[in-house]
4 protein chains.
Amino acid sequence: MRGDSTAERIKSVAVQLFAQKGFEATAIREIADAAQVSTSSLYHYIDTKEELLTEIMTAAMLKLIKCSLAVVDPTDSPPGRLVALVRCHVGMQIIDRLAALVTDNEIRALHGDDRAKVLKLRDEYEERWTSTLTEGKEDGVFDVAVPKVARLALLEMCNGVARWYKDDGPMAVAEICDHFATLALSMVNAQRDGRPLRIADVTREPSVALYERLVHIAKGGVIE
Amino acid sequence: MRGDSTAERIKSVAVQLFAQKGFEATAIREIADAAQVSTSSLYHYIDTKEELLTEIMTAAMLKLIKCSLAVVDPTDSPPGRLVALVRCHVGMQIIDRLAALVTDNEIRALHGDDRAKVLKLRDEYEERWTSTLTEGKEDGVFDVAVPKVARLALLEMCNGVARWYKDDGPMAVAEICDHFATLALSMVNAQRDGRPLRIADVTREPSVALYERLVHIAKGGVIE
Amino acid sequence: MRGDSTAERIKSVAVQLFAQKGFEATAIREIADAAQVSTSSLYHYIDTKEELLTEIMTAAMLKLIKCSLAVVDPTDSPPGRLVALVRCHVGMQIIDRLAALVTDNEIRALHGDDRAKVLKLRDEYEERWTSTLTEGKEDGVFDVAVPKVARLALLEMCNGVARWYKDDGPMAVAEICDHFATLALSMVNAQRDGRPLRIADVTREPSVALYERLVHIAKGGVIE
Amino acid sequence: MRGDSTAERIKSVAVQLFAQKGFEATAIREIADAAQVSTSSLYHYIDTKEELLTEIMTAAMLKLIKCSLAVVDPTDSPPGRLVALVRCHVGMQIIDRLAALVTDNEIRALHGDDRAKVLKLRDEYEERWTSTLTEGKEDGVFDVAVPKVARLALLEMCNGVARWYKDDGPMAVAEICDHFATLALSMVNAQRDGRPLRIADVTREPSVALYERLVHIAKGGVIE
DNA sequence: TATGAATGAGAGTTCATTCAT
DNA sequence: GATGAATGAACTCTCATTCAT
């Protein structure tokens with residue numbers, strides 16, 4: 001549990017630089033400089049530049065999956081799960097914004113097994129969105145033509161958050177999460193008994209509380 | 001009088017490579033090889049690698065703007081304009097897929113005036129989305145909490161198309177355009193007289209016809 | 001006699017650029033641009049860049065020799081010839097300043113026969129200085145330890161003029177020529193009957209008149 | 001504690017090549033080859049080619065200034081100072097011949113601050129010549145029309161030494177220094193009580209001794 | 001654990017020159 | 001006489017990585 005501060009610092013500045021300038025445009029020397037180590041020292045902590053990227057992406061994906069597992073109840077109804085998925089995803093896009101950006105933008109820099117590993121994680125995660133949408137359509141609670149198209153639209157829309165979010169923006173994170181959850185419910189025409197479903201219809205947990213749970217889990221907190 | 005094929009070829013292969021590997025990861029020598037010219041010959045047609053990217057992005061943005069101006073009637077109602085915007089945007093993401101991908105992913109490779117020029121075009125274009133959403137909310141035809149958030153969500157969702165679209169996919173382009181237009185109308189809860197609006201309620205032009213117009217305009221055709 | 005204006009223009013801008021930036025630092029394209037022709041057209045007028053330099057240097061040396069032959073009377077006494085040599089040399093350094101600069105600075109850019117040709121001309125010319133000094137020493141009219149050292153000192157001192165001369169300087173060209181002639185006479189302790197020689201003791205031609213003759217000859221005038 | 005031989009070697013071969021072929025005509029690869037390092041290793045020791053030139057020039061100028069400060073007594077009479085300046089300058093042109101050549105020929109390859117820095121040093125140094133000549137004229141010990149013209153003539157004449165000096169020449173260095181000192185005294189008509197001044201009239205230090213002091217100081221020796 | 005020195009490969013770009021038209 | 005297109009070779013400089021210390 002004792003923080004290996006140098007290793008952490010390296011990963012941290014790497015995420016920042018990869019997010020800001022892109023993987024290819026970031027020189028290993030820049031990372032070393034920013035982390036205040038020499039380039040040769042850097043290589044005590046990483047194997048290769050690409051492996052560093054892989055670690056960053058894998059960690060981000062695992063964190064996202066961990067959070068979504070903690071927050072999305074698989075026994076819940078499709079609308080309940082959708083709201084949880086969206087709030088969790090959008091929340092994580094903000095909490096772990098730079099890593100999310102990197103994960104979304106730099107997969108093509110990865111090759112072979114590294115790439116496959118990350119893509120596998122992503123596919124597993126996205127499958128939970130697909131099944132939620134499909135089940136909801138079968139249940140008649142979602143009115144959506146093609147669940148897969150809806151999933152693509154929803155995920156891109158949520159991933160986009162990391163692209164435009166600014167820390168000094170006017171909107172609270174929890175607020176943004178709820179806006180997106182609402183947009184998602186609308187998008188899939190979620191309704192019960194002919195009446196459109198709202199967030200309050202599917203969950204009692206306030207977005208702020210959920211957001212705090214995410215922060216805690218993301219920080220390495222144990223899932224209770 | 002016959003087209004300057006070399007210059008076109010260079011731009012074309014550059015778009016492909018930039019889209020596939022990213023700007024930074026693409027070597028000027030790869031572009032030259034793919035275009036079947038020597039690197040030094042390449043420099044007869046371009047000034048710098050960055051300027052080549054700028055031209056690609058500017059051209060893509062201008063094409064998109066040209067198409068949307070041709071296809072979106074500013075006197076139309078907000079729902080009509082939204083459907084047109086979405087169908088046009090999604091259509092162009094597919095017609096000009098690689099350039100769209102590049103434009104969306106590689107702005108950070110641009111610096112100074114080049115970057116500013118492209119961002120200015122993008123902002124002007126996106127402003128037309130914002131005003132459509134705002135006006136629709138004011139008219140009561142859209143039920144959306146914060147138009148700007150909706151715009152961000154909509155645009156990211158539509159931009160995403162270029163990321164996952166495959167030429168050999170099961171769905172026709174016009175079909176995809178309509179799916180997205182439908183999702184968009186749902187997302188903003190477009191309704192009139194308490195009843196949700198469908199595409200057919202706001203336009204009579206079939207998506208296929210519109211798509212063909214886009215292809216024609218994008219190919220340099222004149223706007224009638 | 002009809003001026004081949006393009007060829008002249010090329011040589012003229014080449015001299016300017018070579019003088020300003022040096023031969024190696026001047027691109028053939030810069031010459032073409034400045035001469036307002038395309039690079040390929042340029043090659044109708046020159047063989048190679050090096051040959052262009054050779055021509056410039058040869059022309060400058062020939063002009064200098066022509067002038068000095070016209071102005072230095074071989075039957076004159078050593079002091080008279082020295083004054084004439086210095087006035088002529090310094091005058092030409094100013095009249096043909098850029099070419100003189102190039103000739104002095106860029107010989108190492110020349111190779112093989114080109115280099116030899118220019119060096120031969122220079123050696124022939126300098127030999128006339130040596131013989132003047134040697135003869136003057138033998139006659140007892142110059143008091144100088146080693147004529148060859150004096151020649152080196154004198155020539156470098158005179159060549160230097162092209163390095164510092166500015167068109168808008170405070171001193172007239174003829175004035176500068178006379179200052180240098182006086183310095184030269186002093187340097188070699190020119191004297192007759194125990195009394196130092198002045199310019200007026202060895203020539204009646206005013207420097208201004210001589211300068212005008214130089215300008216005329218340098219412009220291609222015939223030697224009468 | 002033993003000298004950083006690689007860095008020294010690089011500077012040393014760079015001076016040789018720059019002197020021989022000129023800055024622009026010297027490829028960074030040639031320097032690397034001659035210094036027996038790879039081009040990329042070279043860049044551990046230098047920032048850019050231009051900065052390497054700047055360092056060479058600055059070091060040469062500083063060395064010259066250091067020597068002249070050690071050797072020229074500011075309380076001495078103008079003729080004494082002139083002799084010291086000339087002997088020192090000519091001596092250094094030979095001791096540090098290649099660097100002197102480079103410093104004199106390649107300033108135009110420098111830009112911006114680099115150029116300004118070197119020119120400032122040169123101007124400061126040359127000012128000491130001007131003041132010596134001016135003071136000598138005021139004292140009546142030099143008979144020279146315009147001190148500034150004399151300074152230009154003297155400096156160019158002395159700088160020239162590096163251009164023609166050959167190690168295997170017939171003349172000892174100290175001898176050359178004295179020849180030039182004598183020429184300088186004559187050039188400015190240095191006299192006292194109507195009789196021309198000779199070196200022996202102004203200094204008792206033999207040129208050989210002074211030359212040895214210069215070598216010692218130039219090698220980094222301390223000024224006592 | 002830390003790093004200065006080292007490097008082969010390759011980056012983007014420019015060079016002087018040629019040639020078909 | 002003029003030029004747009006073309007190019008092989010070379011340019012300065014940076015890359016990710018290694019290794020002896």
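These numbers come from a predicted model, not from an experiment. Chain letters run A, B, ... following the sequence lines, proteins first and then strands; every chain starts at 1.
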Checklist entry - In which stems does DNA chain E show up, taking only runs of three or more Watson-Crick or G-U wobble pairs whose two distances fall under 3.5 Å? => result E:2-21 with F:2-21
Checklist entry - Crowded around Asp113(B) CG? As in, over 12 foreign heavy atoms under 6.0 Å? => result no
Checklist entry - Is Lys21(C) salt-bridged to Glu30(C), going by a charged N under 4.0 Å from an acidic O? => result yes
Checklist entry - For the pair made of CG in Asp33(B) and C1' in dA6(F), what is the distance, rounded to whole Å? => result 15 Å
Item to check | Nearest-Å distance for atom pair CG/C1', residues Leu52(B) and dA11(E) | outcome: 16 Å
Checklist entry - Val37(D) has a side chain; which of dT7(E), dG12(E), dT7(F) sits nearest to it? => result dT7(E)
Next on the checklist: Of the listed nucleotides (dC13(F), dC15(E), dT7(F)), which one gets closest to any side-chain atom of Ala27(C)?
Outcome noted: dC15(E)
Checklist entry - CD1 of Ile10(D) versus C1' of dG4(E): gap in Å, rounded? => result 14 Å
Checklist outcome for this item: The reported gap from CD1 in Ile10(A) to CG in Leu42(A) (rounded to nearest 0.5 angstrom) is 4.5 Å
Item to check | Distance in angstrom units between Glu30(D) CD and dT12(F) C1', rounded | outcome: 13 Å
Checklist entry - Does Ser40(B) place a side-chain N or O at less than 4.0 Å from the phosphate oxygens OP1/OP2 of dT7(F)? => result no
Checklist entry - Can you tell me if the side-chain N/O atoms of Ser41(D) get under 4.0 Å from OP1 or OP2 in dA6(E)? => result no
Checklist entry - Looking at dG10(E), does its base get a donor-acceptor pair with the side chain of Arg29(B) below 3.5 Å? => result no
Checklist entry - What distance separates Ile56(B) CD1 from Lys11(B) NZ, expressed to the nearest 0.5 Å? => result 7.5 Å
Checklist entry - With respect to the side chain of Tyr43(C), which nucleotide from dT3(E), dA2(F), dT18(E) is positioned closest? => result dT18(E)
Item to check | Ile28(D) CD1 - dC15(E) P separation (whole Å) | outcome: 17 Å
Item to check | Closest-nucleotide 5' rank along DNA chain E - winner of Asp47(C) and Lys49(B) | outcome: Lys49(B)
Checklist entry - Rounded to the nearest 0.5 Å, what separation is found between the CD atom of Glu51(A) and the OG1 atom of Thr58(A)? => result 9.0 Å
Checklist outcome for this item: Rounded to whole Å, the CG-P distance (Leu42(A) to dT18(F)) equals 12 Å
Checklist entry - Is Arg9(C) close to Ile31(C) at the side-chain level, that is, under 4.5 Å between some pair of heavy atoms? => result no
Checklist outcome for this item: Taken to the nearest whole Å, CD1/Ile31(D) to P/dA10(F) is 17 Å
Checklist entry - At what distance, to the nearest 0.5 angstrom, does CG of Asp114(B) lie from OG1 of Thr54(B)? => result 3.0 Å
Item to check | Of the listed nucleotides dT1(E), dT17(F), dT3(F), the one nearest the side chain of His44(A) | outcome: dT1(E)
Checklist entry - Hey, does the side chain of Tyr45(A) come within less than 4.0 Å of dT1(E)'s phosphate (OP1/OP2), counting only N and O? => result no
